[in-house]
Structure formats: C-alpha cells, structure tokens
Amino acid sequence: MAESTIVRTEAAPTSGGGIMRRLNMWTGIALGVVLAAVAYVVGNLVWGGNDQGEDQAVIAAELGWVFGFLIGVGAFVAPVNWMLGRDLTHDDEMFLAGKDQGTARYFRFTTDHKVVGVQYLVLAMTTFGVGGLLAMMIRTELAVPGEKLFGGQIYNSLVGVHGIVMIVSTIIMVVGPWGNFVMPIMIGARDMAFPRLNALSFWTLFPAVPIFLSIAVLRGIPTGWVAYAPLSDQAPPGMDAFAIAIILFVISAGIGAVNIIVTALTMRARGMTWNRTPIFVIGVVATSLLGLIALPCFEVAMLYTLLDRSMAGSFFVPDQGGSQWLYANLFWLMGHPEVYVILIPGTAAVLEMAPVFARKPLFGARLAVIGIIALVALSVLVWAHHMFVSGWAPTLAGPFMLTTELISIPTGLIFLVLVGTIWRGNIWTRLPMLFIYGFLWNFMIGGVTGIFLSDVPADNELHGALFVTAHFHYTLLGGAMIGAMGALVYWFPKMTGRMLNERPGTVAFWAVMIGFNITFLAMFYNGLAGMPRRVADYPPQFAVGNMISTLGAYVIGIGMLVFLYAIVSSWRSGKPAGANPWHGKTLEWFVPSPPPLENFEVLPVVTGDPYGYGEPDTRHTSHTGVPATVGGGTPGESDEEVQA
Amino acid sequence: MSTLEHKPESHHLPPALVAHQQRRAVLFFILADAVFFACLLFSYFYLRSLNVNDAWLPDGVPTAATWQVWLITGVTVLSALAYRSAETGIRAGQLSRFRTGALGGLVLVVVAIALMIYQAMTWPILMSDGSYASMFIVMTGVQFVHLVLLLIVAIGIVNRGMKGLLDDGNVNHAVLVGYFWYWVALTAVLAACTTFFVH
C-alpha cells in the first residue's frame with residue numbers, strides 16, 4: 001500500500017438522465033401508500049359483499065403497498081431496461097453503487113454491499129427494538145397473576161408478533177449485516193456477485209416491516225408465531241398481513257441466499273481454497289443453502305393459509321378435506337432448519353472471533369466445518385420432534401427422537417472446537433471475548449436442555465410448558481443473539497471506522513447476561529413445575545418465578561438500551577479504529593476502516609491459513625491487495641506487526 | 001514508487017466468470033422453486049391419501065377437464081422445444097433461427113396463458129369444493145405465475161435478439177432464459193401427471 005499511489009481516472013457519475021436517479025425510499029413509500037389505498041378501495045367495491053371480502057381487500061391493499069413500494073424505490077428499473085435491451089452504463093452502475101452520494105445512498109436502491117450491510121444492521125436493530133418492546137409488555141403482563149393489562153386476545157397477539165418479529169430479526173441479524181458487509185471483503189472480492197440482487201433482497205424485506213406492524217391495526221393474530229391451522233383460518237385479518245409478510249421475507253431471504261452462495265463459490269481470492277476460507281464464510285454459505293431449501297416450505301404454508309382465508313380454500317379445513325397436519329408438517333419442515341439458519345451464523349461469528357482473542361489457531365478447524373455441514377444435513381431430518389404430542393405418525397416418534405439426539409453430536413463438535421481454541425490460549429480479554437464466554441455458557445444450557453426435549457417421554461411432559469420457551473430462548477437469544485452482539489462489537493470498527501466504547505459495552509454485556517439468566521432460569525423452574533406457555537394468567541404458585549423472570553427481563557431491557565447507547569455514541573464520536581484494531585489476519589483487516597467503494601484496487605492473493613496466530617511463519621496472504629482508495633480510515637499501526 | 005492507474009473497465013469481472021455466476025444463480029433459484037413445487041406435490045398426495053371426512057373429492061363434485069390440462073402442458077412443452085431450437089441456433093451463430101425459434105416459443109407461451117385463462121373461466125370447481133379442488137386450483141395458479149414470469153423474460157430475450165444484442169459469442173442470457181423455460185415445461189408435465197391421479 002505504501003508503495004503505490006492510486007489515481008482514479010473515471011468521471012464522477014452524471015447527475016441527470018433517467019428516472020432511476022430520482023427514485024428512493026421516500027418515492028417508494030409514497031407510491032406504495034397510494035397503490036395500497038387504491039387497491040383497498042377497489043377491493044372493497046369488488047369484494048365487499050363476500051364472506052371473505054375483508055380478507056380479500058386487505059390482501060389487495062398489502063400487495064398494492066408491496067408492488068408500489070418496489071416500483072417507487074426503483075427495484076424494477078434494471079429488469080425493465082434489460083427487457084427493453086438498454087443495459088445500464090458504467091455511470092448508472094456507479095450511481096447505483098452510491099458513489100459520492102453521502103448518506104443519501106442509505107435511502108436508495110444502492111448496490112454497494114457495505115451500504116446493504118449497514119441497511120440490514122439498522123433494520124435488524126429496529127425490528128429487535130420492536131420485538132424487545134413486545135417482550136417487555138408480555139413480561140409486564142406476567143409479572144403478577146391475573147390479566148392486569150391486556151385481555152387474552154391481545155396477549156396472544158403480543159406473543160405471536162413478538163415471536164415472528166424476533167425470529168425474522170434473528171435470521172437476518174448476522175447474515176444480513178455481516179454476510180453482506182464483511183463476507184465479500186473476507187474472501188477478497190470487490191462486491192457481491194450480483195449487487196442489484198443484493199439491494200433487491202434488502203428492499204424486498206423492507207416493505208414487510210410495515211406489514212408486520214399492520215397486524216396490530218388488523219385486530220392481531222391469536223395463533224402465536226407458529227400460526228397453526230385451523231386457528232389461522234379463523235383469525236382476524238391480521239393473519240393476512242402475517243402471511244404476506246412471511247412470503248415477502250422468504251422471497252427476500254432466497255434472493256440474498258443465492259447471492260451469498262454464488263459470491264462465495266465464485267469470487268474467492270486467488271489461493272483461497274476451502275481449507276483457507278474463513279469459518280465465518282463457510283457458516284454463512286451453509287446457512288444460506290439451508291435457508292434456500294427450507295424457507296419455501298413456509299411460503300407454501302402461508303400461501304395455503306391466504307387461500308383458505310380469502311377464497312374458502314380447503315387445505316387446512318377438515319370439513320372440506322383439509323388437514324392441520326399438512327400445515328404442521330410444512331411449517332416444521334421449515335421450522336427446525338430455521339433454528340440452524342439462526343444459530344449457525346452466530347456460532348460461525350464466534351468461531352471467527354475466538355482465534356483472534358485467544359491468539360492461537362482455530363482448534364480442529366475441519367471438525368468445525370464438518371460440524372456445520374452435519375448440522376445442515378441433520379436439521380432437515382428432525383422436524384417431527386416438534387409434533388410428538390400432535391398425534392401425527394406415532395410410529396415415527398422413535399426415529400425422529402434418534403435423529404434429534406444425533407444432532408447433538410455436530411453441535412458438541414462445534415462446542416469442542418470453541419473450547420479447544422480458547423483452552424490455554426493467550427487470552428486477550430476485550431469486549432468480543434466476553435461475548436464468546438457468554439455464548440459458551442448460554443449455548444451449553446440451551447443445548448443440554450434440547451437433548452431432554454428430544455426424548456419423547458420428556459417432551460410429552462414438557463411440550464406445552466414454559467420449559468420449552470426457556471430452552472429455545474437460551475438457544476436463539478442466549479446463543480445466537482449473544483454471538484451476533486459479539487460480531488457487532490468485533491466488526492463495528494470495520495464498518496464505522498470507530499471503536500465501540502467498551503465501558504458502556506461491558507456494562508451492557510453484564511446486564512444482558514445476568515438479566516437473561518435470571519429471566520430464563522426462573523422460566524425453566526416454572527416450566528418444570530408445570531406452568532404452561534402461551535397463557536396470560538396463571539395460578540399463584542407460579543407467582544415468584546414469574547416476578548423474577550419479569551425483573552430479569554427489565555434488566556435485559558436496560559442492558560440493551562445501554563448497548564444501543566454504546567453503538568450510537570461510538571458511531572458518532574468513537575475513537576478512530578485504524579484498519580486492524582484486533583490484529584486480525586483475515587482479509588477484511590487489510591483494507592481501511594470503513595472500506596472504500598470496491599474495497600480493493602488490486603485483488604489480494606491468499607497463501608495460507610487465516611488463523612495462524614502465534615505461528616510466526618504463517619500468513620493468510622502474501623499480497624494483501626491494495627485498497628481502492630484510502631477511505632474513512634488508515635491502515636492501523638498493527639498491520640506491520642501482524643504480518644511480521 | 002509505482003503508480004496504479006485505475007480505469008473503470010479494469011474492475012469489471014471477466015465475461016466468462018459473469019456467465020458462470022449467472023448460470024449458477026439461476027440454477028439455485030430453480031432449486032428454491034423446486035422445493036416450493038415439491039411442497040405442492042407433497043400436499044396433493046398427502047391430502048389425497050388422508051381423504052379427511054371423505055372430502056378429497058366429495059360426491060357430486062366434478063373433476064377438472066383432463067384435456068385442458070394436457071393441452072396447456074403440451075403447448076408449454078412445445079414452446080420449450082421451440083426455444084431449444086432457438087438456443088441451438090444462437091450457439092451456432094444462426095441469429096435468424098434464434099429469432100424465429102424464440103418468437104415461436106413466445107407465441108406459444110401466450111397461447112398457453114390464454115388457454116389457462118379459458119380453463120379458469122370454465123372449470124366446474126371452486127376452492128371450497130374439497131381438497132382436490134383446492135390443490136388443483138393452486139397448482140394451476142402456480143403454473144400460471146410461472147408462465148407469466150416466463151412471458152416477461154421471453155419478451156426480453158426476443159427483444160434483445162431482435163436488437164442484435166445476442167450472437168454466438170454472447171449467448172449467456174439466452175442460455176439463462178432457457179434454463180427457466182425448460183424448468184417451467186418440466187413443472188407443467190409434473191403438475192399434469194400429478195393431477196392425473198384423482199382417486
């Protein structure tokens with residue numbers, strides 16, 4: 001880098017020409033609202049007298065919003081140009097990449113993978129905020145016996161919306177921000193394979209958020225996040241919003257997954273064999289593949305739900321030849337792989353961080369890869385353990401118990417790799433390291449309690465109890481979410497050019513960890529004592545445990561607010577980070593922080609293991625590449641010593 | 001000190017790599033669609049096997065006309081064969097053959113869509129007429145969406161062919177459209193075979 005000066009010779013993109021340059025998020029919202037209103041009015045006029053008229057009008061309005069928004073934000077500009085035989089010029093592409101547009105590029109159909117990563121991060125944090133607020137409302141209702149704040153119907157809606165918002169948020173929280181922002185740089189690429197698809201993936205998800213929120217004004221969903229039939233067939237129009245939002249989410253996730261897979265398969269730097277590919281990249285690719293084949297099952301289930309509701313379909317209505325088991329099978333064919341879609345990226349991020357802060361190579365890296373692949377393969381063979389008590393195929397309970405117990409083996413392998421990496425390491429106790437410890441603790445509890453639940457007799461006893469709620473929160477919130485928070489701290493300097501303030505960050509970590517364990521250990525206790533889940537009221541013998549859970553939840557809430565403060569304040573005025581504040585060896589640490597457009601001027605060449613910490617003669621790359629321009633940061637002083 | 005002069009073109013990926021990426025991407029999209037389609041087939045046979053309350057095909061409810069299904073399927077397959085001929089032509093540098101074949105395929109897609117609209121206007125069943133009716137209608141609907149998407153890309157590729165944007169050195173988009181076209185034809189055949197099993 002010091003040896004070369006880069007002269008950019010291309011002209012700045014022209015400001016005029018083409019509707020594309022005038023479209024942005026606001027034009028999308030405006031057109032979306034207009035088309036939604038028109039569709040609703042027309043829908044009411046056409047179908048108003050039907051039994052399903054209200055559902056049909058709501059569906060029309062939601063679809064109007066989606067298509068209006070996508071047209072207004074410019075999602076169809078390039079496809080229409082392709083149809084007309086007018087391919088985009090280099091200027092157009094630079095404009096789409098957000099060149100010289102400042103913060104406005106975050107509100108456009110911008111294709112730069114780093115912009116998309118930031119957009120995903122902000123969206124995920126926003127939806128987490130909504131989901132967290134709903135969790136606080138749920139816990140407040142449950143603080144003391146009796147229905148004090150909400151009736152049962154509203155409570156059920158709160159639980160359902162909290163569940164689905166959190167599930168969607170946790171699915172996107174690592175792959176969205178870091179799969180887009182960091183992964184291409186990690187593999188030595190200038191962008192994703194399909195930058196426009198990347199933007200399309202985000203902007204398809206964006207209109208789903210107001211649709212999720214519209215559930216509240218459409219009289220809610222009484223079904224919980226699983227949306228079981230036949231409750232879903234009888235639910236108010238909020239169920240239509242739920243189904244459309246899920247379909248949008250699946251489309252968005254599919255587009256993003258294909259992009260990530262193809263990028264990783266075809267754009268890795270020269271010399272980056274799979275053995276030299278960072279574990280985070282492997283985790284993200286495995287997750288994307290799993291999501292690609294699992295999520296369409298949910299899409300089909302939601303399509304049937306919409307048709308049952310709006311056209312008197314017979315898919316889940318037993319009187320008309322339908323079956324709730326069809327729904328349950330389709331849902332859980334997605335539902336269990338989805339757990340690993342959430343878990344694997346957070347785990348891979350933790351595995352990525354562990355060698356950096358233990359200053360030693362990733363222990364048994366191949367075992368970790370085998371573990372991830374085995375998780376993906378087994379996760380599609382365990383769905384019926386969610387249906388042990390449903391009465392579906394009792395003779396299959398044994399085989400499904402076996403496959404579910406088998407899945408603890410690859411999970412254990414990954415756990416072993418993580419512990420082995422930290423074991424006798426030269427531990428550098430910075431904030432990301434705390435999150436690694438937190439992940440280990442929570443994930444261990446979540447994993448072990450999962451083995452209990454895989455057992456048919458135990459599951460028969462515990463399935464409807466709070467024990468299950470505590471288990472999956474330990475896995476998804478305590479494991480994946482803590483891993484995601486660690487990833488945010490770890491890559492925050494790369495994204496923003498500033499260090500995350502570790503003092504409030506550490507306070508947040510301890511508040512979340514302590515609050516989390518108070519909340520959910522108490523929930524385990526109540527669950528074992530027989531308290532059912534999905535209830536707004538309970539007998540007095542569960543009062544103490546519930547009060548403790550609620551207090552713990554408030555502590556989590558406080559911790560999250562402190563974490564948010566740390567992020568916002570550090571983003572605005574944190575200490576400058578330099579290119580490589582953690583002395584990392586993977587490629588993202590060899591470009592400035594934040595990285596410039598197109599990341600590298602000259603692409604890097606990979607010659608070794610990415611985790612050769614403490615091994616003086618190993619390097620991940622002999623040619624670190626040349627950043628495209630010196631952007632918002634400068635290469636850190638530590639670069640030299642890391643390479644030495 | 002060396003100077004690296006940066007030209008925009010230098011950052012473009014090699015066309016062969018782009019083509020390779022695009023083909024993989026389309027195949028992965030087809031994989032996702034295949035899972036979606038497999039769920040439909042699973043649903044059909046599952047509900048048929050359960051026959052809950054004897055309401056898979058209740059007494060007095062007719063089945064959809066088989067000839068319509070097979071006619072639409074046949075036209076869709078013919079359109080794929082026409083496009084196959086077009087694709088072979090462009091690979092051999094025969095632009096006129098490509099234009100003729102692709103245009104013929106496009107016309108057949110339009111015919112298939114028109115037939116499907118006629119089918120929907122005349123079929124004797126409603127969604128509420130049992131689970132067979134629901135499954136039949138949803139599978140037909142998905143096939144309709146397939147055909148509409150195919151129509152859009154077919155118009156695009158025909159237009160690009162007419163404008164001379166394709167030749168034997170630049171066949172990638174034609175190949176990509178072909179992947180989708182053949183997939184749509186395959187799903188039409190699979191759906192027709194599936195709905196053949198009524199009782």
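Chain letters run A, B, ... following the sequence lines, proteins first, then strands; residues in each count from 1.
- Between chain B and the residues A:Asn329, A:Leu295, A:Leu326, the largest count of heavy-atom pairs under 4.5 Å involves A:Leu326.
- When heavy atoms are compared at a cutoff of 4.5 Å, B:Ile152 approaches chain A by way of both its backbone and its side chain.
- Summarising the local packing, CE of B:Met139 is surrounded by more than 12 heavy atoms from other residues, nucleotides or ligands at distances under 6.0 Å.
- Although no hydrogens or angles enter the test, the distance criterion places a donor-acceptor pair under 3.5 Å between the side chain of B:Lys163 and the main chain of A:Leu84.
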Go through the steps for B:Val52 and A:Gln324 under the test side-chain contact (heavy atoms from CB on, under 4.5 Å), then give the verdict.
-> CA-CA 11 Å; B:Val52 180; A:Gln324 301 95 319; over 6 Å; no
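- In this structure, A:Met83 and B:Ile155 approach most closely via the heavy-atom pair CE-CG2, 3.7 Å.
- Proximity to chain B is limited to the side chain of A:Ile261, based on heavy atoms less than 4.5 angstrom apart.
- With a 4.5 Å cut-off on side-chain heavy atoms, B:Ile157 and A:Trp82 count as touching.
- With a 4.5 Å cut-off on side-chain heavy atoms, B:Met127 and A:Phe315 count as touching.
- Contacts of A:Asp319 with chain B are made by both backbone and side-chain atoms, with heavy-atom separations under 4.5 Å.
- Interface remark: B:Val61 contributes no atoms to any contact with chain A (heavy atom separation under 4.5 Å).
- Within the 4.5 angstrom heavy-atom criterion, only side-chain atoms of A:Leu303, from C-beta onward, approach chain B.
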Evaluate the side-chain contact (heavy atoms from CB on, under 4.5 Å) criterion for residues B:Trp56 and A:Gln320: first the C-alpha distance (whole Å), next the side-chain angles of each, then the deciding distance (0.1 Å), finally the verdict.
-> CA-CA 7 Å; B:Trp56 163 251; A:Gln320 296 172 204; over 6 Å; no
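- Looking at A:Leu330, the atoms closer than 4.5 Å to chain B (heavy atoms on both sides) all sit in the side chain, from C-beta outward.
- For a residue to count as touching a neighbouring chain, one of its non-hydrogen atoms must lie under 4.5 Å from one of that chain's; by this rule B:Met162 does not touch chain A.
- B:Ser128 contributes no side-chain N or O that, together with a main-chain N or O of A:Ser314, makes up a donor-acceptor pair within less than 3.5 Å.
- The closest donor-acceptor contact from the side chain of B:Asn53 to the backbone of A:Gly321 lies at 3.5 Å or more, if one exists at all.
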Starting from the C-alpha separation in whole Å, work towards a yes-or-no answer on side-chain contact (heavy atoms from CB on, under 4.5 Å) for A:Met267 and B:Leu13.
-> CA-CA 10 Å; A:Met267 296 181 76; B:Leu13 297 172; 3.9 Å; yes
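- Crowding of B:Phe45 atom CZ: a count of heavy atoms from other residues, nucleotides or ligands under 6.0 Å exceeding 12.
- Here CG of A:Asp308 is found 6.5 Å from OG of B:Ser134. Values are rounded to the nearest 0.5 Å.
- Among residues 14-44 of chain B, the residues having any heavy atom closer than 4.5 Å to a heavy atom of chain A are, in sequence order, B:Leu17, B:His20, B:Gln21, B:Gln22, B:Arg24, B:Ala25, B:Phe28, B:Phe29, B:Leu31, B:Ala32, B:Val35, B:Phe36, B:Cys39, B:Leu40, B:Phe42, B:Ser43.
- Counting heavy-atom pairs under 4.5 Å between each of A:Ala294, A:Ala312, A:Gly322 and chain B puts A:Ala312 at the top.
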